[in-house]
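Okay, structure first, notes after.
Owing to the predicted nature of the structure, the values given are computational and were not obtained by experimental measurement.
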There are 2 protein chains.
Amino acid sequence: MRLAGLKIGVFLNYVDKSMIEAKDPITASDRVLIALRKAIVEGGIAAGTKISEPELAKQFDISRAPLREALARLERCHLIERTPNAGARVVKLTVAGLKSLYELRETLEGMAARLAATQMTEQEIQDVRQLLDHHLSTQRVREGESYYQEAGDVDFHYRLILGSKNPYLINLLCDELYHLVRMYRVQLGMNGPRVSRAFDEHKAILNAIAARDGELAELLMRRHIAASGRNIEQHLQQGTLHD
Amino acid sequence: MRLAGLKIGVFLNYVDKSMIEAKDPITASDRVLIALRKAIVEGGIAAGTKISEPELAKQFDISRAPLREALARLERCHLIERTPNAGARVVKLTVAGLKSLYELRETLEGMAARLAATQMTEQEIQDVRQLLDHHLSTQRVREGESYYQEAGDVDFHYRLILGSKNPYLINLLCDELYHLVRMYRVQLGMNGPRVSRAFDEHKAILNAIAARDGELAELLMRRHIAASGRNIEQHLQQGTLHD
DNA sequence: TCTCAATAAATTGTCGACATAATACTTTTG
DNA sequence: CAAAAGTATTATGTCGACAATTTATTGAGA
């Protein structure tokens, strides 16, 4: 399964084995990457913590070689920051960082929605519609079930991004930016009342795509992302995490 | 020198020592990264070539450890593609890849111009204006001098990107996408007649920014990028590089 | 007591070698 | 002769150890 020059293996980074069949012989580097990423995103390793290579290597019972490769990939996702000859630290969650991140995400997912309106096949659109209906009926979205909160929202955005058919954009959103976005959401306990409203917004976006109206799809997606960003920003400002 | 959470060391990837003072104690990995990147971008290592780790390590007289780190960073720039347990290959230049790349670049640099219109200081705008005037008078742009072709165009875009003040966007355009863009331009011998016209477009974009008109700046920048992309696409289609 | 220099400890960057998986080649079989 | 299976070779992934640099600690001097 290929996609215009980018192998599907790229999406191994996206969501754990559930959505994409995991590649069987996961290398040791991949294993610690997934474990470390989960720990960082979910706060198991606190934001701002210094990363100790010898300590982590011993903890995962591997050499420093595959660990360093995993760290390189974490840096690529902006989850850690490395300084030459000094070491790595887990990123801090800041208001300025969140704004910059969502500013970029708004543009990129808006672009994805616009492209999806012209690039998605009727079948793909139909599948997403079925996905939304399924979430609505089965998961009791309007009551704020956690399933939709997590996987449902992810799945919807995921399909539209893939629908753009632009491999660079896909790689960017699914691999390099998604985990940091999720880190903000998870560590700030995003279970807000926005869930049900987000569902309606998803439907509106899909309708625009089905109508092949790229401009409208982009506009609605940008608003959708912006609203989500403001929602997180509120939690971040009134939380304990300052600057 | 910091910039809202991203160290300036990031820009070491951008253009060799000329524009940003190079960090004195370059690590061995950095050295081979710069050398390899130059070789790939300029065609010294042909597109599509299989990368042999032992061979390159011997060639640069280093171990495989720093070489592999350099390769990881090259993959980050989309200059090579790695498959687990198989190896790495230099990317191929394709029409589809070029379109996807410029589709993304159009969006991102448009965003940069829009943000620059509100984020750049009057001093920074003045500096860019001075830069353009200097290029016009000294380098005889209108006759198609190669200096403007290379460094001048780079420098203009570079300053606007920095002017966006968005560290993620800056990192993306300057580190991850720029070298691949340059690879297309260099390997297709872009010395076209677009040079003088590009200069006028630069002036128009800067005027919009100076007027703090973000929407116009974005629109003009998008057209500017799109025209450049079409220009390269023509060379690519009629060249020897098919598919 | 505070500041600065010198030393000591720890960490990162690099090296050479081994284990495992992929590729190329040879041999066997239909 | 073609195709498939088995073997041989090469390359990638991983390991433990050394060198160079940074950070922490100690000591000296004002």
Side-chain angles (χ1 to χ4, degrees), chain A residues 1-2 7-10 12-13 21-37 40 45-46 48-76 79-91, chain B residues 1-2 7-10 12-13 21-37 40 45-46 48-76 79-91:
Chain A
M1 176 176 181
R2 292 178 59 86
K7 294 172 299 305
I8 194 61
V10 177
L12 174 139
N13 289 335
E21 68 271 26
K23 306 182 66 173
D24 307 310
I26 294 182
T27 181
S29 175
D30 291 334
R31 190 169 54 82
V32 303
L33 168 67
I34 294 175
L36 270 179
R37 193 175 53 199
I40 292 175
I45 304 176
T49 306
K50 172 79 158 52
I51 297 280
S52 169
E53 289 186 8
E55 181 185 335
L56 277 182
K58 189 177 62 180
Q59 188 172 329
F60 284 100
D61 198 45
I62 57 171
S63 174
R64 277 178 51 217
L67 176 67
R68 281 171 67 86
E69 181 148 340
L71 291 182
R73 290 203 250 173
L74 287 176
E75 184 185 23
R76 182 171 169 173
L79 291 181
I80 67 175
E81 290 174 349
R82 305 180 92 176
T83 56
N85 285 324
R89 307 191 79 91
V90 178
V91 296
Chain B
M1 177 175 179
R2 292 178 60 85
K7 294 173 299 303
I8 193 62
V10 177
L12 174 139
N13 289 337
E21 69 271 26
K23 307 180 66 172
D24 306 311
I26 294 182
T27 180
S29 174
D30 291 334
R31 190 170 53 83
V32 302
L33 167 68
I34 295 175
L36 270 179
R37 193 174 54 199
I40 292 175
I45 303 177
T49 306
K50 171 82 159 49
I51 298 280
S52 169
E53 291 186 8
E55 181 184 336
L56 277 183
K58 188 177 62 181
Q59 189 171 330
F60 283 101
D61 198 45
I62 58 171
S63 174
R64 277 178 51 218
L67 176 68
R68 281 172 66 86
E69 180 148 341
L71 292 181
R73 291 204 249 172
L74 287 176
E75 184 185 23
R76 183 172 169 172
L79 291 181
I80 67 174
E81 290 175 349
R82 305 180 91 176
T83 55
N85 284 326
R89 305 191 78 90
V90 178
V91 298

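Here the P atom of nucleotide D:dG13 and the CZ atom of A:F60 are 20 Å apart, to the nearest Å. One atom, CD of B:E75, and another, C1' of D:dT12, lie 14 Å apart when rounded to the nearest Å. One atom, CD of B:E69, and another, C1' of D:dG13, lie 16 Å apart when rounded to the nearest Å. What separates CG of B:L33 from P of C:dT14 is a distance of 12 Å, to the nearest Å. Rounded to whole Å, the distance from CD on A:E53 to C1' on C:dT11 is 8 Å. Taking atom NZ on B:K58 and atom C1' on D:dT10, their separation rounds to 13 Å, with Å as the unit. One interatomic measurement links the two molecules: CZ of A:R68 to P of D:dG13, which rounds to 16 Å at whole-angstrom precision. Atom CD in B:E55 sits roughly 10 Å away from atom P in D:dT12 (whole-Å rounding).
Applying the 4.0 Å criterion to OP1 and OP2 of D:dT14, one finds that A:T27 has a side-chain N or O inside that range. Listed pair A:K50 / C:dT12 meets the phosphate criterion, a side-chain N or O lying under 4.0 Å from OP1 or OP2.
Nearest-nucleotide positions on DNA chain D place A:S29 closer to the 5' end than the other of A:A86 and A:S29.
For the side-chain hydrogen bond (donor to acceptor under 3.5 Å, both in side chains) test, residues two or more places apart in sequence or in another chain that qualify with A:E69 are B:R68. Residues satisfying the side-chain hydrogen bond (donor to acceptor under 3.5 Å, both in side chains) test with B:R64, not counting sequence neighbours, are B:E53.
Put simply, the side chain of B:S29 reaches to within 4.5 Å of the side chain of B:R73, judged on heavy atoms. With contacts defined as side-chain heavy-atom distances shorter than 4.5 Å, the pair B:I51/B:L36 does not qualify. B:N85 has its side chain out of reach of A:T27: every pair of non-hydrogen atoms, C-beta onward, lies at least 4.5 Å apart. Looking only at side-chain heavy atoms (C-beta outward), A:V90 and A:L79 stay at 4.5 Å or farther from each other.
Within 4.0 Å of A:L71, counting heavy atoms only, lies no atom of the nucleic acid at all. Among the atoms of the strands shown, none is found under 4.0 Å from any heavy atom of A:L67.
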Listed pairs, N/O of protein and of nucleotides 15-18 of chain D, under 3.5 Å:
from, atom 1, to, atom 2, distance (Å)
D:dC15, OP2, A:S63, N, 2.6

Please report the C-alpha distance between A:R82 and A:L71 in whole Å, then the side-chain angles of each, then the deciding distance to 0.1 Å, and finally whether the side chain to side chain contact (heavy atoms under 4.5 Å, CB included) criterion is met.
CA-CA 9 Å; A:R82 305 180 92 176; A:L71 291 182; 4.1 Å; yes

